[in-house]
Amino acid sequence: MADKQPPKDADVIIVGGGLAGLTAGVALSASGVPVTVLEKAPILGGRARSWRDEKTGDAVTVGPHIFLSEYPNMRKLLRILDTEDKIVWQKDKFITIVDGQKEIDIRIAPLPPPFNFLPAILANPDFFPAKDILSNNLVSLVCMQLSEDDVMRLDNHDALSVLRALGVTENYIRRFWSFTCQAIMNTPIECCSAGALLRFFHFMISRRKYDVGFADGGLGDMFAPQCADIIEKTGGRVILNTGVSTILEQDGPAAGVVLEDGTEMRADQVIATLPPTDLPGILPAAWMDREPFSGLSAFEPSPYISTYIWFDRKLTSQQFWARNYDENDMNCDFYDYANIYTDRASENSLITTNCIYSRRLEHLSDEEVVQKTIDELAEYLPQAREAKVTHSFVSRIPMAIHCPKPGTEQKRPAPRTPIKNFFLAGDWIRTEVPSSMESACNAGWQAAECVLADRGTPRQFLEPMKPPQGFAWLLWKTSPALRKLPYFSGKNHLR
């Protein structure tokens with residue numbers, strides 16, 4: 001006679017109420033599978049959570065984020081939640097780079113890629129000297145033909161060494177590649193996987209257009225309450241202030257969780273959406289010798305500091321800009337939410353910044369961070385020195401994303417683990433895009449698909465990325481030619 005099984009508390013338990021967990025919860029709820037979402041924090045949203053500032057009433061987010069129009073999976077979630085119209089798109093340009101008070105607008109022309117960036121390059125010869133641009137030709141050729149297998153091979157090398165080996169000038173590495181690496185990969189170029197960086201460049205030069213967007217209000221307000229509402233209306237639960245101590249296993253497979261107060265919650269399946277730095281703390285010791293869990297220590301967190309400053313006047317009409325890259329700068333990108341939020345009561349500037357890979361500046365006090373931010377801001381907007389600061393706060397985030405160091409792309413795990421009934425989701429899962437909101441949603445859809453497949457009710461949620469377009473598409477389709485390039489032929493030490 002079989003042993004009597006204890007009653008289950010949920011069909012599926014999702015550990016973590018960030019973007020990945022809530023995306024998976026929405027997908028499973030829509031498929032008739034009740035879920036229980038367990039979130040340790042008092043609010044949902046994870047690293048995209050938001051709240052109202054107590055003094056000003058403005059919506060603030062743990063750190064500023066951007067949307068990219070060509071990333072489909074975050075937008076799919078917002079369409080389901082009926083909040084996609086809360087994205088404020090910057091349609092007239094891709095980005096503004098500031099060098100002192102000089103503005104370099106990067107606009108995308110209606111030309112087939114990769115030529116759609118050419119007019120902006122030609123319009124700014126001082127910023128993009130011809131010698132530097134020509135030095136990037138081989139990299140562009142390689143990237144337009146890049147396959148995921150190539151990404152994994154390049155993952156063994158750092159981006160700086162590969163760019164130098166492919167002939168890119170030091171000036172262009174500093175001005176373009178170092179900035180792109182810091183802003184997108186959140187890691188210094190000498191520490192970044194070449195595969196991870198060049199994959200993003202493949203995406204960047206292979207699409208006709210990119211619109212950059214921002215949340216019209218708190219980012220978490222665009223998805224967290226709406227996801228919770230869907231989950232609860234379909235019989236699920238969202239439980240806050242509830243941490244998980246360990247995953248419960250029963251003769252091998254996952255069978256639920258043990259909460260921090262010692263309570264056992266049983267379930268048919270478990271999805272863990274914690275960052276790789278936190279995941280080992282809830283895994284049974286017996287699992288830690290197995291892949292992918294044994295490789296979690298490779299995922300080093302990239303910390304960042306976001307500074308919010310309220311001024312007594314309007315400083316600019318710009319929505320979003322970035323400083324010309326200098327490794328000695330504190331901040332990388334800047335946002336004025338007075339030009340983004342459509343229903344904000346005041347027109348006075350509310351400027352937010354991102355200090356990325358901030359470990360070198362962790363010794364600074366909040367007051368010093370604010371002052372240094374004002375100093376950098378005033379190089380572009382001198383009136384910032386005369387303006388009165390009416391309010392400020394500094395948000396210190398231990399992990400923006402994981403640092404995509406050489407070797408980490410190969411270690412990013414699939415949602416399905418070797419443990420039966422146990423799945424992973426999060427922006428660090430293997431999604432073929434950089435760790436981001438898009439990657440988190442991508443992983444959430446994938447995890448839900450795995451759960452449903454195991455339940456015998458397969459369903460597809462993941463939105464595939466559009467293929468390359470224009471001339472880049474032609475090169476991508478002839479990708480076997482890539483193997484004939486000297487870089488891939490084994491004739492140098494970067495094979």
Side-chain angles (χ1 to χ4, degrees), residues 65-79 84 87-97 104-124 128 133 136-151 154 159 163 172 176-177 179-181 183-185 194-214 319-320 322 333 404 409 427 430-442 445 462-479 481-482:
H65 294 62
I66 63 170
F67 297 94
L68 284 180
S69 60
E70 304 311 293
Y71 274 176
N73 287 288
M74 178 69 183
R75 295 186 68 181
K76 174 175 180 169
L77 176 65
L78 297 183
R79 284 196 300 274
E84 191 180 18
I87 301 176
V88 176
W89 294 107
Q90 178 181 256
K91 288 186 175 291
D92 63 329
K93 59 191 169 184
F94 181 57
I95 192 173
T96 295
I97 306 293
I104 301 100
D105 288 336
I106 308 301
R107 303 179 189 276
I108 300 176
L111 296 172
F115 306 115
N116 45 351
F117 283 99
L118 191 58
I121 291 171
L122 295 177
N124 296 281
F128 297 112
I133 296 304
N136 208 54
N137 284 347
L138 183 55
V139 175
S140 298
L141 182 64
V142 167
C143 286
M144 280 187 284
Q145 301 176 77
L146 206 65
S147 71
E148 192 61 18
D149 286 343
D150 299 324
V151 169
L154 287 165
L163 291 170
Y172 198 67
F176 174 78
W177 285 103
F179 165 74
T180 302
C181 196
I184 302 298
M185 314 310 298
L197 181 59
L198 296 189
R199 182 207 277 133
F200 178 78
F201 190 62
H202 161 80
F203 172 77
M204 183 177 173
I205 63 171
S206 300
R207 269 69 183 179
R208 292 188 184 279
K209 70 179 185 71
Y210 302 88
D211 289 329
V212 174
F214 321 95
Q319 293 176 313
F320 165 56
D333 45 318
E409 286 299 314
D427 62 358
R430 184 170 295 183
T431 58
E432 300 185 10
V433 293
S435 293
S436 57
M437 295 191 296
E438 172 67 14
S439 187
C441 292
N442 179 314
W445 298 133
L462 185 67
E463 289 284 330
M465 198 77 76
K466 291 179 181 177
Q469 299 167 323
F471 182 69
W473 174 84
L474 181 62
L475 282 179
W476 183 67
K477 292 294 286 186
T478 60
S479 60
L482 179 65

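All values below come from the heavy atoms of this structure, side chains included, with hydrogens, waters and symmetry mates left out.
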Output yes when a side-chain donor or acceptor of Gln469 lies under 3.5 Å from a complementary backbone atom of Arg208, and no otherwise.
yes

Sorted by chain and number, sequence neighbours left out, ring-ring contact (aromatic ring centres under 6.0 Å, His included) with Phe203 holds for Tyr71, Tyr210

Using the salt bridge (Lys or Arg N to Asp or Glu O under 4.0 Å) rule, collect all pairs that involve residues 108-123, keeping only residues at least two apart or in two chains.
none

CD1/Ile66 to CG/Asp333 distance, rounded to the nearest 0.5 angstrom?
7.5 Å

Which atom pair, heavy atoms only, marks the closest approach of Phe320 to Phe94?
CE2-O, 4.3 Å

Sequence-distant partners of Pro467, side-chain contact (heavy atoms from CB on, under 4.5 Å), two or more places apart
Trp476

Contacts of type side-chain hydrogen bond (donor to acceptor under 3.5 Å, both in side chains), residue Arg75, not counting sequence neighbours:
Glu84

Show, in sequence, the C-alpha distance, side-chain angles and deciding distance for Val151 and Leu146, and conclude whether the side-chain contact (heavy atoms from CB on, under 4.5 Å) test is met.
CA-CA 7 Å; Val151 169; Leu146 206 65; 3.8 Å; yes

How many angstroms lie between atom CZ of Arg199 and atom CD of Glu409, to the nearest 0.5 angstrom?
4.0 Å

I'd like to know whether Ile106 forms a side-chain contact (heavy atoms from CB on, under 4.5 Å) with Thr96, so could you lay out the CA-CA distance, the side-chain angles of the two residues, the decisive distance to 0.1 Å, and finally the verdict.
CA-CA 6 Å; Ile106 308 301; Thr96 295; over 6 Å; no

Do the side-chain N and O atoms of Asp150 and Ser147 include a donor-acceptor pair separated by under 3.5 angstrom?
yes

Shortest non-hydrogen contact from Phe471 toward Pro112:
N-CB, 4.3 Å

For a quick test of reading the model, state the closest non-hydrogen atom pair linking Val433 to Glu438 and the distance between them.
CG2-CG, 4.2 Å

Working to the nearest 0.5 angstrom, can you tell me the gap between Lys76 NZ and Trp445 CH2?
5.5 Å

Lys466: what forms a salt bridge (Lys or Arg N to Asp or Glu O under 4.0 Å) with it, not counting sequence neighbours?
Glu70

Spacing of CG belonging to Asn136 relative to CZ belonging to Phe128, to within rounding of 0.5 Å
10.5 Å

Sequence neighbours excluded, every pair satisfying salt bridge (Lys or Arg N to Asp or Glu O under 4.0 Å) that has a member inside residues 104-122:
Asp92-Arg107, Lys93-Asp105, Asp105-Arg107

Pro468 side chain near His202 side chain, heavy-atom distance below 4.5 Å:
yes

Across all chains, not counting sequence neighbours, the salt bridge (Lys or Arg N to Asp or Glu O under 4.0 Å) partners of Glu432 are none

Using a 4.5 Å cut-off on heavy atoms from C-beta on, say whether the side chain of Leu197 contacts that of Thr180.
yes

Sub-4.5 Å side-chain heavy-atom contact between Pro434 and Asp427
no

Going by salt bridge (Lys or Arg N to Asp or Glu O under 4.0 Å), name the residues that satisfy it together with Arg430, two or more places apart in sequence or in a different chain.
none

Hey, what do you get for CG (Leu78) to SG (Cys441), rounding to the nearest 0.5 Å?
7.0 Å

Kindly indicate whether the side chain of Val139, heavy atoms from C-beta on, has any atom under 4.5 Å from the side chain of Trp177.
yes

Check against side chain to side chain donor-acceptor pair (under 3.5 Å), Glu463 and Asn73
CA-CA 6 Å; Glu463 289 284 330; Asn73 287 288; over 6 Å; no

Heavy-atom pair with the smallest gap, counting every atom of Ser140 and Ile205:
O-CD1, 3.8 Å

Residues which pass side-chain hydrogen bond (donor to acceptor under 3.5 Å, both in side chains) with Thr431, listed by chain and number, not counting sequence neighbours:
Arg412, Ser439

Residues which pass ring-ring contact (aromatic ring centres under 6.0 Å, His included) with Phe176, listed by chain and number, not counting sequence neighbours
Tyr172, Phe201

Would you list the pairs meeting salt bridge (Lys or Arg N to Asp or Glu O under 4.0 Å) in which at least one residue belongs to residues 112-123, sequence neighbours left out?
none

Shortest non-hydrogen pair, Arg79 vs Pro72, comes out as NH2-O, 4.5 Å

Measuring from Leu198:CG to Met204:CE, what's the distance to the nearest 0.5 Å?
12.5 Å

Applying salt bridge (Lys or Arg N to Asp or Glu O under 4.0 Å), can you list everything that pairs with Arg207, at least two apart in sequence or on another chain?
none

Is any side-chain heavy atom of Asn442 less than 4.5 Å from a side-chain heavy atom of Leu462?
yes

Begin from the C-alpha positions of Phe67 and Trp89 and carry the test side-chain contact (heavy atoms from CB on, under 4.5 Å) through to its verdict.
CA-CA 8 Å; Phe67 297 94; Trp89 294 107; 4.0 Å; yes

Closest non-hydrogen atom pair between Ile108 and Lys209, with its separation:
CG2-CA, 4.2 Å

